[in-house]
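First comes the structure, then the notes that go with it.
The figures that follow rest on heavy atoms only: side chains count, while hydrogens, waters and symmetry mates do not. Atoms within each ligand, like the ligands themselves, are counted from 1 in listed order.
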Amino acid sequence: MKEFISLQNWIHERSDLKRAHRTIGFVPTMGALHAGHASLLKRAREENDFVVLSIYVNPTQFNNPNDLAKYPITIENDREVAREAGVDAILLPRYDEIYPDGYRYKVSENEFSKLLCGAHRPGHFDGVLTVVMKLLNLVQADRAYFGEKDFQQLQLIKGMVEAFFMTTAIVACPTVRETDGLAMSSRNLNLNPRARDQAPQLREVLVNTPTSLEAREKLSQLGFDVDYVEDLHGRRFAAATLGGVRLIDNVAR
Ligand code: AMP
């Protein structure tokens, strides 16, 4: 398993792969890897000759500096997860290489990105779409894998790839959950034991409550600080903070 901090070195490697007609599968992440990420990596391993994982905690998508400062970093464990999943290369770029322009140029979407998480995290999806475009252009993968856990993000990335005639196929992967139903997330590492016990109620309420309004009320009563619960396009979406950790989830309706 190779590691690339220098993008120039990665681009040389990429040229060799392209010359040899090897297909590339790509999984972009912010690290603190768990079984959700591993499921994307395994799918990429099955469908491609060469698997690239990126680990980059992208500052431009954090609207809250405290959230960025608290974001978990577990690089040794990440290497282990990557090795087990059969990753061929890890990209670990630095800010100045990803943003040589100092974030003067950005990708924006003006409809769906304004709803749900976008309504509560100003600039978040500009940061996400911009870094994903940069990474997709850098990796030039045949396929890139994204989780339905971040359903709004997944839809926006699919839309961007279509809108800009990008050639990487976007592959959607189902949400991986803990046995108690909690959607796996790097941020779960920041839940205190009490909040961790309570957190599975988010999904339980989304699944078992007739209306989004009632679901919102129930979650508030249970002690969640609710950003939104909304039914849209045949799914129910929610974001809520518990014990200082913002959780998101979505389920089919
Ligand atoms: P992140 O590191 O949180 O930015 O996530 C990197 C990728 O992993 C994104 O495409 C996420 O949607 C996906 N992902 C994160 N958590 C899960 C999960 N529990 N199940 C499936 N995919 C996930």
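Checked against a 3.5 angstrom limit, the closest N/O atoms of V176 and ligand 1 fall inside it. At least one N or O atom of H37 sits closer than 3.5 Å to an N or O atom of ligand 1.
Residue L40 has at least one heavy-atom neighbour below 4.0 Å for each of these atoms of ligand 1: 7 (C), 8 (O), 10 (O), 13 (C), 22 (N). Which parts of ligand 1 touch M184 is read off a 4.0 Å heavy-atom cut-off, strictly below it: atoms 16 (N), 17 (C), 18 (C), 19 (N). Every atom of ligand 1 with a heavy atom of F146 under 4.0 Å away is listed here by number and element: 10 (O). Proximity to T175 (heavy-atom distance under 4.0 Å) selects the following atoms of ligand 1: 20 (N), 21 (C).
The protein heavy-atom contact nearest to atom 4 (O) of ligand 1 is M30 CG, 3.7 Å. Of the protein's non-hydrogen atoms, the one nearest atom 12 (O) of ligand 1 is D150 OD2, 2.6 Å. The single protein non-hydrogen atom nearest to atom 10 (O) of ligand 1 is G147 N, 3.0 Å, given as residue, atom name and distance.
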**OP:** Go through the steps for K106 and D101 under the test salt bridge (Lys or Arg N to Asp or Glu O under 4.0 Å), then give the verdict.
**Re:** CA-CA 10 Å; K106 61 176 83 164; D101 59 328; over 6 Å; no
Subject >> Stepwise side-chain contact (heavy atoms from CB on, under 4.5 Å) check, F125 with Q61 >> reply: CA-CA 7 Å; F125 285 118; Q61 72 188 69; over 6 Å; no
**OP:** Under the side-chain contact (heavy atoms from CB on, under 4.5 Å) rule, what do C173 and E148 come out as? Steps first, then yes or no, please.
**Re:** CA-CA 6 Å; C173 302; E148 289 184 344; over 6 Å; no
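Ring planes of F237 and F112: perpendicular class, angle over 60° (limits at 30 and 60°). Aromatic ring orientation, H37 versus H34: tilted (interplanar angle from 30° to 60°).
Proximity of K149 to ligand 1, defined as any heavy-atom pair under 4.0 Å, is confined to the side chain (atoms from C-beta onward).
Using a 4.0 Å heavy-atom cutoff, P28 is listed among the residues neighbouring ligand 1. Residue contacts with ligand 1: P174 is included, with a non-hydrogen atom under 4.0 Å away. Taking 4.0 Å as the cut-off, H34 counts as a neighbour of ligand 1 on heavy-atom distance.
Taking the centre and axis of the six-membered ring of F151, the NZ or CZ atom of R235 falls inside the cone set by 45° and 6.0 Å. For the pair K2 and F4, the NZ or CZ position fails the cation-pi test of under 6.0 Å to the six-membered ring centre and within 45 degrees of the ring normal.
Taking a 6.0 Å sphere around CD1 of I73, one finds it holds 12 or fewer heavy atoms contributed by other residues, nucleotides or ligands. No more than 12 heavy atoms of other residues, nucleotides or ligands shown are found within 6.0 angstrom of NZ on K42.
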